[in-house]
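Letters A, B, ... mirror the listed sequences (proteins, then strands); counts begin at 1. Fair warning: this is a prediction, and the values are worked out from it, not measured in the lab.
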Protein chains: 2
Amino acid sequence: METQHARLRNAAEKLALTLTQGGMQKSTARVLTALLYTEQDTMTPADLREQLQISSGGVSAAVKQLMPAGFIERVPAPGSRRDHYRFRSGAWAGLMSQQNEVLRVMTAAADEGLAEAPQDSATAERLREMRDFYTYMAEQMVPLVERWREQYEARRRHVS
Amino acid sequence: METQHARLRNAAEKLALTLTQGGMQKSTARVLTALLYTEQDTMTPADLREQLQISSGGVSAAVKQLMPAGFIERVPAPGSRRDHYRFRSGAWAGLMSQQNEVLRVMTAAADEGLAEAPQDSATAERLREMRDFYTYMAEQMVPLVERWREQYEARRRHVS
DNA sequence: CGCGATGTTCAGAGAATTCTGAACACTCTG
DNA sequence: CAGAGTGTTCAGAATTCTCTGAACATCGCG
């Protein structure tokens, strides 16, 4: 029992490391995976501080990043003065949707360059490819994630 | 003329900044955008060093990252002992394809967790959603980018 | 309304990353 | 095969990022 628990913790930390390498900061990633892997219903900042051995400020900062990103949510807990957090269903799909913002920024950057470059230059040619590609991706990604959401919701309803 | 040139440089630097914020290191991003925005056919490390005011080591490191990532290519230049680099057509699509690797890693991480978690726990439920989502995305992304490549190639052939 | 419990902020310590530049290695050329 | 020209490596400097922890703010309860 203890061993399994430890192995879960381990898997959580390993995923946190992966996320870190992908650009997320360490504390934030660890808070995220702790909430993903916990067997408690919710976790309080104190729980997180104790389990992860990070400072209160660290937990606060992590939560501040994870909430607006849609990874976690604050759960009302009557009778407790502490904040209770929970990993959010649909978080991964939400993350992917936020990538669309990136696609939009890249499209905009290409457009900006195109406004300056001579129409028939090689630079303009390259920028057109860039713009067209990101435009295409943005268009395709939205319905893709939407379709996932529908499928997932449908299955959930079916199971329960 | 000088002004337009400067504005192009500006757009290049601005995109570099965006890429930096997305996790790319500064020199690498600047080399990338310099090659994207240049009106020369190719650029040598010396060109890049001069234009960007970075050290030779910096250029070397940037190239070392950009080449395997498919962003740039070395162009044979008979009669010149310098390396000649050029922004690669299809670079953005290639970048997106590399994201598939990320999707695969995330799927694997979820599977690893699932191997440890009790089948009917809330943790297992969350990990299944994660695994299913990333599996779905990986499946969908491949044909999506493939379709872009086909469309783009077709259009190119048509134009020329 | 005051107090205890909890959350947030932020200056500065510490860690990690990135860049520089000089030494070194390689490759043509005469 | 010597030497000039060019690219690469890497130790250490410089910069940037992240975390800590103590001060402060906020909230709920008696």
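A ring pair (Phe, Tyr, Trp, His ring centres under 6.0 Å) check over residues 25-50 of chain B, counting only residues at least two apart or in different chains, returns nothing.
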Margin query: Within the 4.0 Å limit for protein heavy atoms, which parts of nucleotides 12-30 of chain C are touched? Write it as a string from 5' to 3', B for base, S for sugar-phosphate only, - for none.
Written below: ------SSBBB----B---
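Atom CD in B/E50 sits roughly 14 Å away from atom P in D/dG7 (whole-Å rounding). Distance, A/R49 CZ to C/dG7 P: 9 Å, rounded to whole Å. Summarising the geometry, the separation between NZ on B/K64 and P on D/dT8 is reported as 9 Å, rounded to the nearest angstrom. Straight-line distance from the CZ atom of B/R82 to the C1' atom of D/dA4: 13 Å, rounded to whole Å.
For B/A69, the side chain to side chain contact (heavy atoms under 4.5 Å, CB included) test picks out B/F71, B/Q98, with sequence neighbours left out. Checked against side-chain hydrogen bond (donor to acceptor under 3.5 Å, both in side chains), A/Q25 has no partners two or more places apart in sequence or in another chain. For B/E101, the salt bridge (Lys or Arg N to Asp or Glu O under 4.0 Å) partners two or more places apart in sequence, or in a different chain, are B/R104. Partners of A/T42 by side-chain hydrogen bond (donor to acceptor under 3.5 Å, both in side chains), not counting sequence neighbours, listed by chain and number: A/H84. The side-chain hydrogen bond (donor to acceptor under 3.5 Å, both in side chains) test applied to A/Y152 returns B/E129, not counting sequence neighbours. Remark: A/E116 engages B/R7 in a salt bridge (Lys or Arg N to Asp or Glu O under 4.0 Å) (not counting sequence neighbours). Considering only residues two or more places apart in sequence or on other chains, B/T28 meets the side-chain hydrogen bond (donor to acceptor under 3.5 Å, both in side chains) condition with B/Q65.
Only at 4.0 angstrom or more do the heavy atoms of residues 65-78 of chain A sit from any atom of DNA chain D, so none qualifies. Near DNA chain D, meaning a heavy atom under 4.0 Å from it, residues 10-21 of chain B has no residue at all.
A side-chain donor-acceptor contact under 3.5 Å links B/R126 to the backbone of A/T38.
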Show me the donor-acceptor pairs, under 3.5 Å and distance only, between side chains in residues 105-115 of chain B and residues at least two apart or in other chains.
from, atom 1, to, atom 2, distance (Å)
B/T107, OG1, B/L103, O, 2.8
B/E112, OE1, A/K14, NZ, 3.3
B/E112, OE2, A/K14, NZ, 2.6

